[in-house]
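A short worksheet on the structure shown next.
Here the structure is a predicted model, which is why all the values come from computation and not from measurement. Below, chains carry the letters A, B, ... as their sequence lines are ordered, and counting in each starts from 1.
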Protein chains: 2
Amino acid sequence: MNEIGSAEELAERRHRLQGLMTADGLQACLITQNVGLYYWSGSMQTGYLFIPAQGEPTYYIRRSLSRAIRESAARTVPLGSFRSFGDALARDYPELFAEGRRPAVGADLDVLPAQTFLRLREAAPNVELLDGSAMMRRVRSVKSAGEIALIETAAQAAAAALELALGRIREGITELEVMTILESEMRRHGHIGLMRMRGYNQEIMTGMVAAGEAAAEPSYFDGPAGGRGLTPAAPQSASRRPIGAGEPILLDIGCCIDGYTIDQTRTAVIGDLDEELLRAYDVSVRILRHVESLLRPGASPESLYAEALRLADEAGLAAHFMGFGEDQVRFLGHGIGLEIDEWPVLARGFADPIEPGVVLAIEPKFTFPGRGVVGIENTYAITADGFRTLTASPERLYRLPIHP
Amino acid sequence: MNEIGSAEELAERRHRLQGLMTADGLQACLITQNVGLYYWSGSMQTGYLFIPAQGEPTYYIRRSLSRAIRESAARTVPLGSFRSFGDALARDYPELFAEGRRPAVGADLDVLPAQTFLRLREAAPNVELLDGSAMMRRVRSVKSAGEIALIETAAQAAAAALELALGRIREGITELEVMTILESEMRRHGHIGLMRMRGYNQEIMTGMVAAGEAAAEPSYFDGPAGGRGLTPAAPQSASRRPIGAGEPILLDIGCCIDGYTIDQTRTAVIGDLDEELLRAYDVSVRILRHVESLLRPGASPESLYAEALRLADEAGLAAHFMGFGEDQVRFLGHGIGLEIDEWPVLARGFADPIEPGVVLAIEPKFTFPGRGVVGIENTYAITADGFRTLTASPERLYRLPIHP
């Protein structure tokens, strides 16, 4: 097992990216985003990491150079003048530019701001800047044993926090108060304070706690249940609404420790759920069990999603599955690691068979407007012949006592 | 005073943007980023807000439509097919496209991902998509009385949290433990869990607490003191280092309540600071007082920065000012509101005179490698004839008792 951030592990990651570059006809990749920089260099300082299809990368640093030199396994140099970045590349990689060649360079255009993209095109007119984000996401979708071990560390912290919070839930406690208990406990374990998310405009810190009608409110958030949030200026996750007895309490939480993130959901209730919600919860568990029975190398993400849709439909709950009505999301789960919205997505269009090392959060949920959301979510690592569950929390509907 | 999010306040914001569009020869603006969407529509759902230079805006919503309709003061419609977005614009704004005209549309290209920018150009080939981010940032730099009142609400929460945390600092408590106390308390007051930041790759939740050598570690973070952080995967803010007696403890904290953010810094020490650090702290206070004496409508941000540099230099502390050596940042402060890195920046290149309603965080600090960071930071609102301090924490060097 390679140690996270070891020169060997970084070289292996780079070789996988270089293999895809060669297959796709790219001569290099340019990494600009913090998480990508960390993944391929071992350091998360501000700058640009240039990885040629053959040979050694260079990390061009704006700030902090001394910290990048200390942390990075790559050759690390000052960025110097951004406006002559193309000259620096031509100086450092003469073979790529020989005889007036203009190498095709894939960058992480799914996250790089357009303004910087346009400036890069001016600063390096000697390269053809293309979108290389898909190959970066493909490489990152397959985790090493060391990465999976870090996700398990985060899973332990989430489980400890959940147990603590469940013990403190009483009628009348607000969603925000429960969220704060979870956050403090996860922070104590080393949670960095947010779960990194790649999607534009998406924000998630420690997940969400929401109950009853507030949980079922539709939201911009790219997940099956966003929650009401505190105000229209933060329209997602926990609200100040007090939690009542008999309401489904959705605890969709996670944390990021040493860069790696866990994501999990459990449903709780003070007292008992009514029959319809209880049945929907049972269907979510049934879907998870069925998907697990198919979860192994070779399965296609889109087929797992289709199977979940089929079961939801058979149960008469299609309109409630993964959100309600026009606010439904069209996926069952997602890759997870350094970011919470990694590849593959369990959704139409993701047909490539999953491989050992892929880590997936799978989250069947049912939304009932005005009443709440029920469901379950585990994070799994795909193994040589099946899967391993990384989520550490006991898997059940948590029935909490009604206190006098 | 307009109520935040009222139709009147939103119209006033739009008219100011429309004035700048007309002056700059743009026929419309397209807002894509969550904070901008909220500022100009009252809602933060996923979609695109199109604001013509004359007439009424339209909010094209991907998700959640029902929530956007409820919250937004703008005309709100489903986005429909993204690939025919240009057709929707031509249908809704026929006068802009009459006789084959191709209107110039400014978008927030400083934050919009390049991939979406390129897709937008394909989806709306009938518009010329330009960078309109500077005019958006200019409009947002001038706050209404209602916006300033919200920043003061956040300031009260930060002050309460600081007081609580100072009472719990003992030798051996870790930076992370202090940070967690601050976070929990601010969350209780409605902190959304992060301070929004516009800069690419920048992350800040509740600020930073750092002491001694860990505070002085250089970082990628776009501020004078980033801090060590928890690991190279989160290389900024609080670390797990225990705080010792005699070390400067930098409490650079803030929170975001109902969208609006406060930013402030106080320095504390268990016992006493040595003479050199104490003197540097006094110089930071002297700089702040001097800048305050110049702080009124008409002052130019770059001249305030130059004055601060001059005082730091006269005190023989130029090499320590706003970071150390090559890791110094080149500013003294920044606009703040919905985001923490708003305009104007107190830096070279920001020559336009400040206006009433501008809100600035001003943060003179001195870094001593291996020893720590000292400094102070207040947030100010510019008034008709001067300024008002929004930060509520008492302003002093906090000397904490050494417990046996």
> Can you tell which of Pro232(A), Cys256(A), Ala234(A) has the highest number of heavy-atom pairs within less than 4.5 Å of chain B?
Replying inline: Pro232(A)

> Looking at Leu230(A), Ile181(A), Thr116(A), Val35(A), which makes the most heavy-atom pairs under 4.5 Å with chain B?
Replying inline: Leu230(A)

> Given the options Ile257(B), Asp110(B), Val329(B), which has more heavy-atom pairs under 4.5 Å with chain A than any of the others?
Replying inline: Asp110(B)

>> For chain B, which candidate among Arg187(A), Arg67(A), Met44(A) shows the most heavy-atom pairs at distances under 4.5 Å?
In response: Arg67(A)

> What residue in Ser219(B), Ser184(B), Gly193(B) has the most heavy-atom pairs under 4.5 Å with chain A?
Replying inline: Ser219(B)

> Which one, Val111(B), Leu118(B), Leu37(B), leads in non-hydrogen pairs under 4.5 Å with chain A?
Replying inline: Val111(B)

>> Taking every non-hydrogen pair under 4.5 Å, which of Thr206(B), Asp222(B), Leu194(B), Leu338(B) racks up the most with chain A?
In response: Leu194(B)

> Given that the side chain runs from C-beta out, which part of Gln33(A) has a heavy atom under 4.5 Å from chain B: side chain, backbone, both or neither?
Replying inline: both

>> Is there a side-chain contact between Asn34(A) and Glu203(B) in this structure, where contact means two heavy atoms from C-beta onward sitting under 4.5 Å apart?
In response: yes

> Given a strict heavy-atom distance threshold of 4.5 Å, which part of Tyr39(A) is in contact with chain B: side chain, backbone, both, or neither?
Replying inline: neither

> If only atom types and distance count, is the side chain of Asp131(B) paired as donor or acceptor with the main-chain N or O of Ala114(A) below 3.5 Å?
Replying inline: no

>> At a heavy-atom distance under 4.5 Å, which candidate from Gly190(B), Pro78(B), Ser43(B) has the highest pair count against chain A?
In response: Gly190(B)

>> Nearest 0.5 Å, please: how far is OH in Tyr38(A) from OG1 in Thr231(B)?
In response: 5.0 Å

> Contact part of Phe221(B) toward chain A, heavy-atom cut-off under 4.5 Å: side chain, backbone, both or neither?
Replying inline: backbone

> Does any N or O in the side chain of Arg63(A) come within less than 3.5 Å of the main-chain N or O of Pro218(B), such that one atom is a donor and the other an acceptor?
Replying inline: no

> What part of Tyr220(A) is in contact with chain B, defined as an atom under 4.5 angstrom from a non-hydrogen atom: side chain, backbone, both or neither?
Replying inline: both

> Which atoms of Arg62(A) come close to chain B, meaning under 4.5 Å heavy atom to heavy atom: side chain ones, backbone ones, both, or neither?
Replying inline: neither

> Relative to chain B, which segment of Ser133(A) carries a heavy atom at a distance below 4.5 Å: side chain, backbone, both, or neither?
Replying inline: side chain

>> Under 4.5 Å from any heavy atom of chain B, what part of Gln45(A) do you find: side chain, backbone, both or neither?
In response: both

> With respect to chain B, which residue among Gln236(A), Glu177(A), Gln202(A), Glu217(A) yields the maximal number of heavy-atom pairs within a distance under 4.5 Å?
Replying inline: Glu217(A)

> Measuring heavy-atom distances to chain B, does Glu185(A) have an atom under 4.5 Å in its side chain, in its backbone, in both, or in neither?
Replying inline: neither

> Out of Gly229(B), Gly259(B), Ser66(B), which one racks up the most heavy-atom pairs below 4.5 Å with chain A?
Replying inline: Ser66(B)

> What part of Leu176(A) is in contact with chain B, defined as an atom under 4.5 angstrom from a non-hydrogen atom: side chain, backbone, both or neither?
Replying inline: side chain

> By a 4.5 Å heavy-atom criterion (distance strictly below it), what part of Arg70(B) contacts chain A: side chain, backbone, both, or neither?
Replying inline: side chain

> By a 4.5 Å heavy-atom criterion (distance strictly below it), what part of Ile192(A) contacts chain B: side chain, backbone, both, or neither?
Replying inline: both

> From Tyr200(A) OH over to Thr46(B) OG1, what is the distance, rounded to the nearest 0.5 angstrom?
Replying inline: 10.5 Å

